[in-house]
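Order of the sequence lines fixes the chain letters, A, B, ..., with proteins taken first and strands second; residue numbering starts at 1 for each chain.
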Number of protein chains: 2
Amino acid sequence: MASQRGEGETTTTPAEPADRERARAIPEAAVARLAVYLRVLSGMADQGVTAVSSEELSQAAGVNAAKLRKDLSYIGSYGTRGVGYDVEVLVSHIERILGLTRNHSVAVVGIGNLGHALANYGGFPGRGFPVTALFDVDADLVGIPVGGIPVNHIDDITAVCLEREVSIGVIATPPPAAQSVCDRLVSAGVQCILNFAPVVLQVPDNVEVRKVDLAVEMQILSFHVARRADEAASVSAGIGPAGNNGLGVDGMVIRP
Amino acid sequence: MASQRGEGETTTTPAEPADRERARAIPEAAVARLAVYLRVLSGMADQGVTAVSSEELSQAAGVNAAKLRKDLSYIGSYGTRGVGYDVEVLVSHIERILGLTRNHSVAVVGIGNLGHALANYGGFPGRGFPVTALFDVDADLVGIPVGGIPVNHIDDITAVCLEREVSIGVIATPPPAAQSVCDRLVSAGVQCILNFAPVVLQVPDNVEVRKVDLAVEMQILSFHVARRADEAASVSAGIGPAGNNGLGVDGMVIRP
DNA sequence: TCGACTTTGTGCATCCGTTCACAAGCGGTA
DNA sequence: TACCGCTTGTGAACGGATGCACAAAGTCGA
Ligand SMILES: NC(=O)c1ccc[n+]([C@@H]2O[C@H](COP(=O)([O-])OP(=O)(O)OC[C@H]3O[C@@H](n4cnc5c(N)ncnc54)[C@H](O)[C@@H]3O)[C@@H](O)[C@H]2O)c1
Ligand SMILES: NC(=O)c1ccc[n+]([C@@H]2O[C@H](COP(=O)([O-])OP(=O)(O)OC[C@H]3O[C@@H](n4cnc5c(N)ncnc54)[C@H](O)[C@@H]3O)[C@@H](O)[C@H]2O)c1
């Protein structure tokens, strides 16, 4: 039922600083996991699952059960001992902590290979991150709609970002342009930036930057390959490549 | 220097530990930063810079100088006290530790929006990660070259991966297909996977998975916005640092 | 050759995050 | 109602990463 526990939610709650204070104390790593739990829980909810134990959820999310419980404890105690967690309740609390109760308008800058993919991606709007503006410096692109949104010229970035209340700026330009684009976004009041360009951005303290660096990811994988090769070498001999040792596909399945 | 090492490292090989042993001891977080240092150093080398101090390099990489020196110490002592580091020397040692002395063949699975962008991206081959195979289940795509490489059918994945010695598999398929694609890659002997699908993959112990989840990144940004808003709210009653009122372009933005 | 100066490399204290282990709390059952 | 088994929530131990501070080690100029 939707109306359970009369969680009026209208912040008319007993002005507990506890909630607000709590948010500050959540470790960054835990925040990232909460986002994963949220996705898993949403999937469960869609399949009609109403309750889940920390053991089940932790397996579905690929983490240790104790860690999951600790993560959830950062946002409060919403489980029932002996039973588990109510999926919907957990979803709504995680959404609240992650600030997903309101939409976050996204702007993509640099509509090249990657920018096109991002603009066309349908996964963001549904999760509260509508892409509302696209920018590029290329005159041939300006005016053309991509993913339903017309590309604006980079010079209009301030006006458009303010008008559409952009809160997250995504940088998908070539590396040399990234810092300049970043500065423009910051000037336009954008305080969150997701950067795909392999460049270290300099920003004021009040701006949050996260980077996605595929080359770095691959190099980390490369490191592990090398390490593994070394280990194998020092132990010599080896176990066969083992096509499918154990581990099957499955994983757990729906349970209505 | 081999002056003093911590105590036993639980190694099975008592002789000539040197770099091989060292690699195992490098913290994961440091490995990620080494990749960033490498990129910065490569850029410096291209511009003719031959020497650099920990202070300069750390600033360019956006980290603390002490942390940078500690990171470098994990791979050995290649600096010169009173002077700094030789750029080329550092580059070659980092490349060696990251296993970049040999190429790592990459296969991309799922040639949709994202797959196209990845296949067309020119930044990988130059860094030792040549994309040598593309796969999709869509018959209309099979045979068509993308970024110069013809798309293969997913059913040929084992044969093609073995033939081209693919060492990294990139998953860019819709979420429902991700686990199955992952299993196929593993069966084909691929031990490193970079996953873009918002799904938790189940893999054997000998396979390394890294994920890139844009929705999670955005939610982390959202969390910080919310946290910042809370802080502002709890202080709003009175003190307002500086003379600007939140919204809009605040006064700063200076950047050297 | 020598001494002053610069910068590295690292021991150590600290902090943050992970894991363990178990008491507390709850639903179900007799 | 009283008991029993299950699962949560968390105190505490642990381990890894971070940052500081400084001795060691080298360069450079006189
Ligand atoms: N394509 C990928 O798969 C991929 C992978 C990893 C990293 N990246 C990084 O993402 C970024 C974009 O990659 P891409 O392949 O889409 O490049 P791209 O060259 O296809 O597109 C870049 C776009 O940015 C535009 N642009 C250039 N300067 C601009 C400016 N000052 N303001 C606004 N727009 C500007 C260009 O007109 C172009 O449309 C690059 O930094 C690249 O290194 C891309
Ligand atoms: N496009 C983005 O910017 C973006 C952003 C974040 C996450 N993602 C994720 O990346 C993945 C790909 O996104 P997209 O926008 O490119 O999707 P898309 O639908 O454009 O492309 C998916 C491609 O995978 C192919 N495919 C489907 N099943 C397959 C199978 N079993 N084997 C091989 N190929 C198969 C399809 O034929 C299609 O060409 C999705 O999981 C998406 O959630 C994409």
Does a side-chain heavy-atom distance below 4.5 Å link [X] with [Y]?
| X | Y | result |
| --- | --- | --- |
| I193(A) | C182(A) | yes |
| R39(A) | D213(B) | yes |
| L214(A) | F124(B) | yes |
| L38(A) | S42(A) | yes |

Interatomic distance, [X] [atom1] vs [N] [atom2] [rounded to whole Å]:
| X | N | atom1 | atom2 | result |
| --- | --- | --- | --- | --- |
| D71(A) | dT8(D) | CG | P | 14 Å |
| H93(A) | dG9(D) | NE2 | P | 11 Å |
| K67(A) | dT7(D) | NZ | P | 21 Å |
| Y78(A) | dT8(D) | OH | P | 16 Å |
| L68(A) | dT8(D) | CG | C1' | 11 Å |
| I75(A) | dT10(D) | CD1 | P | 12 Å |
| L90(A) | dT8(D) | CG | P | 10 Å |
| L34(A) | dT18(C) | CG | P | 11 Å |

query = Any side-chain donor paired with an acceptor under 3.5 Å for H93(B) and E88(B)?
reply = no
inquiry  = Pairing donors with acceptors under 3.5 angstrom, does anything connect the side chains of D86(A) and Y78(A)?
reply    = no
message = I'd like to compare against my own output: the B/S/- annotation of nucleotides 25-30 of chain C with a strict under-4.0 Å heavy-atom distance to protein.
response = BBS---
ask   = Are any of the side-chain nitrogens in E217(A) or R127(B) under 4.0 Å away from the carboxylate oxygens of its partner?
value = no
query = Using 4.0 Å as the upper bound for N to carboxylate O, is an ion pair formed by E95(A) and R102(A)?
reply = no
message = The test is side chain to side chain donor-acceptor pair (under 3.5 Å); show your working for Q219(B) and H224(B) and say whether it passes.
response = CA-CA 9 Å; Q219(B) 285 170 7; H224(B) 287 294; over 6 Å; no
inquiry  = When you measure from the side-chain N and O atoms of N64(B) to the phosphate of dA17(D), is any distance below 4.0 Å, counting only OP1 and OP2?
reply    = no
ask   = Taking only N and O in the side chain of Y85(B), is any of them less than 4.0 Å away from OP1 or OP2 of dT6(C)?
value = no
ask   = If you check the Y74(A) side chain, which of dT18(C), dT8(C), dT19(C) turns out closest?
value = dT18(C)
query = For the side chain of S53(A), counting heavy atoms from C-beta on, which of dA21(D), dT8(D), dT19(C) is nearest?
reply = dT8(D)
Could you list, one pair per line, each protein nitrogen or oxygen that sits under 3.5 Å from a nitrogen or oxygen of nucleotides 12-16 of chain D, together with the distance?
unit_1  : atom_1 : unit_2 : atom_2 : d
dA12(D) : N6     : K70(A) : NZ     : 3.3

inquiry  = Classify E28(B) by what it touches in the nucleic acid, base, sugar-phosphate, or nothing, heavy-atom distance under 4.0 Å.
reply    = sugar-phosphate
remark   = By nearest-nucleotide position on DNA chain C, the 5'-leaning member of R69(A) and V52(B) is V52(B)
